[in-house]
Asker: 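I have a structure I would like to understand better, so I am pasting it below and will then ask my questions one at a time.
Quick note on labels: first sequence line is chain A, next is B, and so on, each numbered from 1. If you're wondering where the values come from, they're calculated on a predicted model, not measured in any experiment.
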Amino acid sequence: MAKSIDVSDLNIYYGDFLAVEGVTMTIPSRSVTALIGPSGCGKSTFLRSLNRMHEVIPGARVEGKIVIDGQDLYGSEVDPVEVRRQIGMVFQRPNPFPTMSIYDNVLAGSRLNSKRLPKDRADEIVERSLTSANLWVEVKDRLNKPGQGLSGGQQQRLCIARAIAVEPQVLLMDEPCSALDPISTSAIEDLIHELKSDYTIVIVTHNMQQAARVSEDTAFFNLAGAGKPGNLVEMNPTRKIFSNPEEKATEAYISGRFG
Amino acid sequence: MTGPLKSTPRATEATPMPRTTSAQTRFPQAPRPERGAGTGRHLSFGQPHLPWWAGWLVAAVSAAAAALLSLTLGWNIAGGAVVAVVLFAIALPTWSVLVESSRAAKDRLVTTLVWAAFAIALVPLVSLMYTVLANGLGVINGQFLTYSMRNVIGQGGGIYHAIIGTVLITLAATLISVPVGLLSAIYLVEYGVRNRTARTITFLVDVMTGIPSIVAGLFAYALFALFFGQGVRMGFGGAVALSLLMIPIVVRSCEEMLKLVPGDLREASYALGVPKWRTIVKVVLPTALPGIITGVTLAIARVIGETAPLLVIAGSTDSVNTNLFAERMMTLPVFIYYSFTQPGVPAQFGQDRAWGAALVLIVIVMALNLVARAIGRTFSPKTAR
């Protein structure tokens with residue numbers, strides 16, 4: 001069910017400002033692709049353009065092609081809402097819905113779309129999603145408690161459970177561990193390892209070790225200077241990027257000698 | 001003239017040299033003398049304090065002085081209180097600056113001023129509540145709440161017709177204002193971010209906030225006179241006039257509440273493939289609901305005591321009228337106004353009824369507030385750990 005993503009000549013704009021320029025890459029299916037690079041280089045912007053979340057911001061637009069399963073995401077007949085149903089997203093800060101219980105948060109994808117689910121089917125989805133998010137054991141006795149009562153790491157895993165409950169093809173993660181402690185981070189990395197057998201995962205991270213630990217491929221983004229657009233410098237298998245990168249800039253960034 | 005002005009900032013931008021040199025020279029020098037002074041001298045964190053009873057003592061002395069002064073000069077109690085507060089505000093900081101430090105003195109002075117302002121704000125409230133309770137409580141009984149003024153001269157009668165009128169007209173005004181106001185706020189926050197239409201609407205809403213209530217009443221009268229001819233009186237007209245006053249308040253408070261809903265939640269919902277309208281209905285509105293309810297209640301409380309527009313369009317009557325769309329309708333504020341200005345002979349019964357009606361009006365507003373709080377608490381997001 002996982003699909004690969006082909007991006008070609010992608011330019012991303014905020015109004016007149018060109019934020020990311022000329023990205024061409026292929027994101028393989030059933031594997032983890034990490035996006036690394038300095039702040040402001042357009043990693044998150046690029047990630048958000050992959051499920052058309054980018055255009056939620058007024059004035060934001062995209063040029064170029066993103067093809068999944070033979071369809072251009074930015075084709076004129078494509079419904080962005082349908083795209084987001086197929087391509088799930090986990091954000092930097094955990095954001096469970098405050099008005100909902102843990103149970104309802106997991107089912108939010110169908111509850112908010114007013115889909116009627118039989119009780120046993122709903123229970124099954126909740127248990128399966130929470131189990132794959134490594135959260136079931138911790139919350140199974142308090143499913144009706146509010147989702148915001150959980151710890152930060154648990155909330156983030158709840159958000160992952162919520163994203164995979166709608167069974168997307170692709171899972172995008174925007175720095176999912178940057179607000180979490182090392183133990184929660186390790187739990188989420190384990191989770192990413194398990195999920196990659198079913199999903200295509202793209203993860204933005206500032207943590208080089210994390211990129212090295214979880215990903216098969218790594219893409220390094222950089223920007224030429226302040227006010228200039230970000231661009232893709234190099235994309236290669238993670239092992240190669242971290243041992244023998246093709247570009248000097250990549251090596252400088254990874255070894256901490258940036259600039 | 002513009003030439004040199006323009007060139008100066010450019011010159012500093014182009015040559016960052018002076019910046020770096022000054023930073024380099026200043027940085028190593030600045031901390032040094034402090035470090036030397038810190039190691040050489042004994043550190044002392046304590047400082048002398050006034051005893052805990054200092055405030056009470058100064059208060060007692062100033063009160064006594066003020067009482068003596070007002071007795072000898074024949075002032076009333078208000079003048080004495082002002083003198084006492086002024087004496088206290090001078091004496092305590094002066095004592096403090098002598099014994100403690102100037103910072104502690106400022107702290108005591110500002111604390112005194114803040115407490116004085118708080119007391120001044122409370123005086124009218126307490127006085128109003130006391131007067132209304134003292135005058136109105138004795139009037140209220142079963143008959144007062146369940147009888148109208150039909151065929152009543154002198155003693156007896158009640159405000160049933162005015163309560164019914166106020167409740168119906170305010171309810172109708174709420175039913176008009178809340179959808180209009182809430183939907184406008186949703187447009188302003190969710191759809192019209194920073195565009196020209198939204199800014200125009202915001203400006204017009206601000207203008208609407210300033211409409212004098214009598215103008216709203218005259219507008220409703222003119223509007224209904226177009227359809228029903230001159231001299232029209234109906235409760236629904238009053239509701240329209242009140243909603244004119246209510247809509248800007250509802251828009252403003254709902255706008256603020258919707259803005260408080262974090263953008264994260266909207267994005268989380270979009271990312272699950274939820275369309276925008278469902279996101280607004282199922283995520284944004286429930287999250288903002290307690291605030292919206294509070295805002296609507298405050299708007300109701302604001303208009304329920306309006307007299308002028310209802311005087312113009314809803315009119316005044318002695319009988320119960322439950323039909324919003326025909327004939328005059330009595331309301332509590334108008335009842336109070338007429339009972340006080342035209343109490344009849346003897347005047348005492350009419351004025352008593354006015355006090356009773358005022359008390360009932362206050363109680364209704366207070367009950368509304370309590371109900372809104374209860375509803376807000378029931379629906380508010382639960383964060384219990």
Asker: Before accepting this row, confirm whether a basic side-chain N of the pair Arg48(A)/Glu55(A) lies closer than 4.0 Å to the acidic partner's carboxylate O.
Answerer: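 No salt bridge links Arg48(A) with Glu55(A).
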Asker: Given that the side chain runs from C-beta out, which part of Phe91(A) has a heavy atom under 4.5 Å from chain B: side chain, backbone, both or neither?
Answerer: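 Only the side chain of Phe91(A) comes within 4.5 Å of chain B.
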Asker: Is any NZ, NE, NH1 or NH2 atom of the basic residue among Asp174(A) and Lys43(A) found under 4.0 Å from an Asp or Glu carboxylate oxygen of the other?
Answerer: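 The answer is no: the pair does not qualify as a salt bridge.
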Asker: In terms of heavy-atom proximity below 4.5 Å to chain A, should Ser269(B) be classed as side chain, backbone, both, or neither?
Answerer: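 Contact with chain A is through both the backbone and side chain of Ser269(B).
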Asker: Pick one of side chain, backbone, both or neither for Pro96(A), based on which atoms fall under 4.5 Å of a heavy atom in chain B.
Answerer: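 Only the backbone of Pro96(A) comes within 4.5 Å of chain B.
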Asker: Check Glu167(A) with Arg128(A), please: is the shortest side-chain N to carboxylate O separation under 4.0 Å?
Answerer: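 Looking at Arg128(A) and Glu167(A), the cut-off is met.
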Asker: Shorter than 4.5 Å, heavy atoms on both sides: which option in Arg93(A), Met100(A), Arg111(A) has the most such pairs with chain B?
Answerer: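 Highest number of pairs under 4.5 Å: Arg93(A).
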Asker: Are Glu306(B) and Arg302(B) close enough for a salt bridge, meaning some N to O gap below 4.0 Å?
Answerer: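 A salt bridge links Glu306(B) with Arg302(B).
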Asker: Please tell me if the side chains of Leu242(B) and Ile169(B) come closer than 4.5 Å, counting only heavy atoms from C-beta onward.
Answerer: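 Counting from C-beta outward, Leu242(B) and Ile169(B) do come under 4.5 Å.
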Asker: So which of Asn195(B), Val281(B), Val274(B) has the biggest tally of heavy-atom pairs under 4.5 Å with chain A?
Answerer: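 Heavy-atom pairs under 4.5 Å are most numerous for Val274(B).
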Asker: Under a 4.5 Å heavy-atom cut-off, does chain B meet the side chain of Arg52(A), its backbone, both or neither?
Answerer: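 Looking at Arg52(A), nothing touches chain B.
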Asker: Between Phe46(A) and His54(A), is the ring centre distance below 6.0 Å?
Answerer: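 No, the ring of Phe46(A) stays outside the 6.0 Å limit from the ring of His54(A), centre to centre.
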Asker: Where on Ile87(A) is there a heavy atom nearer than 4.5 Å to chain B: the side chain, the backbone, both, or neither?
Answerer: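 Looking at Ile87(A), just its backbone touches chain B.
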